[in-house]
Q: 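The structure that follows is given in the form of structure tokens.
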Protein chains: 2
Amino acid sequence: MKPTIKDIANKAGVSIATVSYVINKTKPISAETKNRVQKTIKSLNYHPSKSARSLVTGKTGNIGFILTDDHFLRTEPFYTRIFLGTEFEARGEGYYILLTSIKPDFNEKDSLPRFILNKSVDGLLIAGKIPSILISRLSAYNIPTVFVDFIPPGNNYPLVLIDNIQGGLLATSHLINLGHRNIAYISGDIDHPSLSDRLSGYKQALENAKIPIRNNLIFTNTNYPDRQNGFYLAKKLFTNNKEVTSVFAGNDAQAIGVMHYLKDNGYKIPKDVSVIGFDDIEADLMLDPPLTTIRVPKVELGVEALRLIVNLLKNKKSIHKKILIPVDLIIRNSTSAYKPR
Amino acid sequence: MKPTIKDIANKAGVSIATVSYVINKTKPISAETKNRVQKTIKSLNYHPSKSARSLVTGKTGNIGFILTDDHFLRTEPFYTRIFLGTEFEARGEGYYILLTSIKPDFNEKDSLPRFILNKSVDGLLIAGKIPSILISRLSAYNIPTVFVDFIPPGNNYPLVLIDNIQGGLLATSHLINLGHRNIAYISGDIDHPSLSDRLSGYKQALENAKIPIRNNLIFTNTNYPDRQNGFYLAKKLFTNNKEVTSVFAGNDAQAIGVMHYLKDNGYKIPKDVSVIGFDDIEADLMLDPPLTTIRVPKVELGVEALRLIVNLLKNKKSIHKKILIPVDLIIRNSTSAYKPR
DNA sequence: AAATTTTAGTTAAACGTTTAACCATATTTA
DNA sequence: TAAATATGGTTAAACGTTTAACTAAAATTT
């Protein structure tokens, strides 16, 4: 039978309280007995019962992870990686992650994730854009919550975000350093904070380098930021601006679209036009040429989110913290030094 | 404060035992009191404490889900979908899924998933190919286990599998029905039961149609079954066999490689050569022409797996069951009727 | 040396359920 | 009509922890 704390206490010749204190380091115990107890625990392969523990402490030891179906099922395993980061970190902290997905069109009538209703989680991680109706319905439950890669309306929650501005800066500066001056920014979904922040980084880099910002080199719309939109925006860009020598696309998918357009129209990459993306998706390495981009450390995003929520749970204080995860420039072959044509 | 069973009992004017019996339907209670209790539960928004329940029943209400990192992070969300199926079904059954991934090279020294060590799961779902060392180490714990999309060595576990033979049969018959006679099968990783089963289906279809099986139309190796290998095998196939009019590839990735080869070499698809794949991955629809393939109902795989494990847990009997999930033929534009060249 | 504090431990209650054993009362059977 | 059996409920123990309150012995302070 599974050993209980009682078995340990008996075998070690102490009370069960002492065993508990040893396990939880919650009271000073003499080195001698501590050792004896620990040996006994090892020898019987004892693991405390989680349910007994939760029952008395009122803590479940679980953290809920919510994201929308479509985010979870995306071809590019972005949120999957974030989840992996949280799961990994949770192992060390002794928490379990309860993952559930909701419909992207979650509404009034849909029932909340059952771990909310059951009170089976101590805290909540919410990844990616989710319907605000969910957020408002959730708020009634007063569960400590951390948002990952999404700024909820009202913005009074702790957050873990990608440093998109820094990324935009990094990407654009890379092109500037290569000697480019006619640098375009293209992106759809420009209402999304991530994409508009990247644009801010772009502008900042130009300012830093004292290169005038030219609005005719900035092509944005609110379309879904995929390859197709990249292609579409590249077309608009290049039919009006022959002089452009480099393009910073709001994300890799659109960068691929841009490359597609350029190839179709006889431009050589990077000889004629340099292209840089953002995200570092898996497809990048398959491209010809491989795409220079900004790497987003997804696993780390998850790790940080878990640390933050655990911190929140331990210190009870509703730290109103905002963690920005730095990104890296990954130089591959789609960018090269400017050469006059 | 969170209401307890006691609050319900008090408010409804019965004992806590009665409340418990009503909730669990484990003893006959008069319609009248039953109603009163249920009303009270609703009105106080009462949910039984999971930990208290586990403590006394010895059941955790959790099911572990194990897969390797690389499977979880695959670009094609195959296992992610399976997981979603289990999670979805688990909601209905009142179980929680604890997902954890292990390294593909899991070995003696790696520690087992902590939900095993902690005994925090009642049952186990294992998806995809995993190291046999894990299986043997797991067996010591005697946890009811169901394997999904993988036949463990020894094969004495309940399984939920894709009906690959039927799929192979379906794919090949489709080509036969279109009038093709020179039908090739190509695939890497031929040691993998899924891929070899598909080959069996292929052969069976030919036999059924009384078309001789010709080994020079079957090109297999043990390479990783990706696009590149599809391209490679197509090259070998077509340099030796000009008369081939249709190709059944062991999976969609390789089918894409085949299409790539054909296009590069001036074959028109499907006019000159019909191509059919297997899996129905997301990329298929993006192709030109869209790929005819065999759809694998991934979510359903997960649903069935969960049902099976729950059954196992309820009936205690180690049902040695093997569930085959049927697949569907999805006809798109990469296959067409045979026309003599 | 007496009084106080510290240290290292024990005792026992509490957490919120399930469930075996029990007990009335009403119903059926002999 | 008395005895046996259903019916619908109650009581209380048990599950395995944590932790407040307590105690005895040792160390420190006065």
Side-chain angles (χ1 to χ4, degrees), chain A residues 1-38 40-41 44-62 94-96 117-122 313-314, chain B residues 1-38 40-41 44-62 94-96 117-122 313-314:
Chain A
M1 223 20 248
K2 223 186 135 178
T4 73
I5 199 172
K6 220 171 175 175
D7 299 321
I8 306 297
N10 285 153
K11 191 159 177 214
V14 295
S15 72
I16 60 166
T18 303
V19 178
S20 175
Y21 292 134
V22 168
I23 293 171
N24 300 301
K25 306 193 200 344
T26 142
K27 263 207 173 176
I29 301 290
S30 74
E32 194 196 358
T33 38
K34 194 191 290 183
N35 260 314
R36 195 149 29 93
V37 169
Q38 283 168 337
T40 318
I41 289 177
L44 295 189
N45 191 26
Y46 165 76
H47 291 270
S49 147
K50 209 189 158 199
S51 23
R53 211 172 231 183
S54 321
L55 184 56
V56 47
T57 62
K59 303 285 157 206
T60 66
N62 299 327
Y95 280 94
Y96 285 107
L117 301 171
N118 291 342
K119 313 245 193 289
S120 303
V121 295
D122 301 333
L313 294 175
K314 285 200 178 137
Chain B
M1 224 20 249
K2 224 187 134 177
T4 74
I5 198 172
K6 218 170 176 174
D7 300 321
I8 307 297
N10 286 152
K11 192 162 177 210
V14 295
S15 72
I16 62 165
T18 302
V19 178
S20 176
Y21 292 134
V22 168
I23 293 172
N24 300 299
K25 307 193 200 344
T26 141
K27 263 206 173 175
I29 300 292
S30 73
E32 193 196 356
T33 38
K34 193 190 292 186
N35 260 314
R36 193 151 28 93
V37 169
Q38 284 167 337
T40 318
I41 289 178
L44 295 189
N45 189 28
Y46 164 76
H47 291 271
S49 146
K50 210 191 157 197
S51 25
R53 210 173 232 183
S54 318
L55 185 56
V56 46
T57 61
K59 302 286 158 206
T60 67
N62 299 328
Y95 280 94
Y96 284 107
L117 301 171
N118 291 343
K119 314 246 192 291
S120 303
V121 295
D122 302 335
L313 293 175
K314 285 200 179 134

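We name chains A, B, ... by the order of the sequence lines, and we start the count at 1 in each one.
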Q: Does A/Y46 make a side-chain N or O approach to OP1 or OP2 of D/dT17 shorter than 4.0 Å?
A: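 Yes, A/Y46 has a side-chain N/O under 4.0 Å of OP1/OP2 on D/dT17.
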Q: Going by distance alone, is a donor N or O of one side chain under 3.5 Å from an acceptor N or O of the other, for A/S54 and A/S51?
A: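 Not at all, the side chains of A/S54 and A/S51 share no donor-acceptor pair under 3.5 Å.
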Q: Of the nucleotides D/dT10, C/dT18, D/dT18, which has the atom closest to the A/V56 side chain?
A: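 Closest of the options to the side chain of A/V56: D/dT18.
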Q: Once you round it to whole Å, what is the distance between P of C/dT11 and NZ of A/K6?
A: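 Result: 12 Å.
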Q: Could you give me the CA-CA distance, side-chain angles and deciding distance for B/V22 and B/V14, then say whether side chain to side chain contact (heavy atoms under 4.5 Å, CB included) is met?
A: CA-CA 11 Å; B/V22 168; B/V14 295; over 6 Å; no
Q: Using a cut-off of strictly less than 4.0 Å, decide whether A/T18 has a side-chain nitrogen or oxygen near OP1 or OP2 of C/dT10.
A: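 Looking at the OP1 and OP2 atoms of C/dT10, one of them is under 4.0 Å from a side-chain N or O of A/T18.
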Q: Near DNA chain C, counting only heavy atoms under 4.0 Å, which residues of residues 22-30 of chain A show up?
A: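 Those residues are A/K27, A/P28, A/I29, A/S30.
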Q: Between CG of B/D7 and CD1 of B/I41, what distance do you get to the nearest 0.5 Å?
A: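 With rounding to 0.5 Å, CG (B/D7) is 11.5 Å from CD1 (B/I41).
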Q: Would you say a side-chain N or O of A/T33 is under 4.0 Å from OP1 or OP2 of C/dG9?
A: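 Result: yes.
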Q: Using a cut-off of less than 4.0 Å, is there contact between a side-chain N or O of A/S20 and OP1 or OP2 of D/dT18?
A: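 Answer is yes, contact under 4.0 Å.
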Q: Among D/dT18, C/dT18, C/dT11, which nucleotide sits nearest the side chain of B/R53?
A: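 Given the options D/dT18, C/dT18, C/dT11, the side chain of B/R53 is closest to C/dT18.
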Q: Would you confirm whether A/T60, through its side chain, and A/S120, through its main-chain N or O, come within 3.5 Å as a donor-acceptor pair?
A: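 At least one qualifying donor-acceptor pair exists.
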Q: Measuring from atom CG of A/L44 to atom CD1 of A/I8, what distance do you get when rounded to the nearest 0.5 angstrom?
A: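 With rounding to 0.5 Å, CG (A/L44) is 4.5 Å from CD1 (A/I8).
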Q: Would you please confirm or rule out a distance under 4.0 Å between OP1 or OP2 of C/dT17 and any side-chain N or O of B/S49?
A: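 No, because none of the side-chain N or O atoms of B/S49 sits under 4.0 Å from OP1 or OP2 of C/dT17.
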Q: Taking atom NZ as the centre, does B/K6 end up with more than 12 heavy-atom neighbours from other residues, nucleotides or ligands that are less than 6.0 angstrom away?
A: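 It does not: B/K6 NZ has 12 such atoms or fewer within range.
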Q: Of B/Y21 and B/L55, whose closest DNA chain D nucleotide lies nearer the 5' terminus?
A: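 The answer here is B/Y21.
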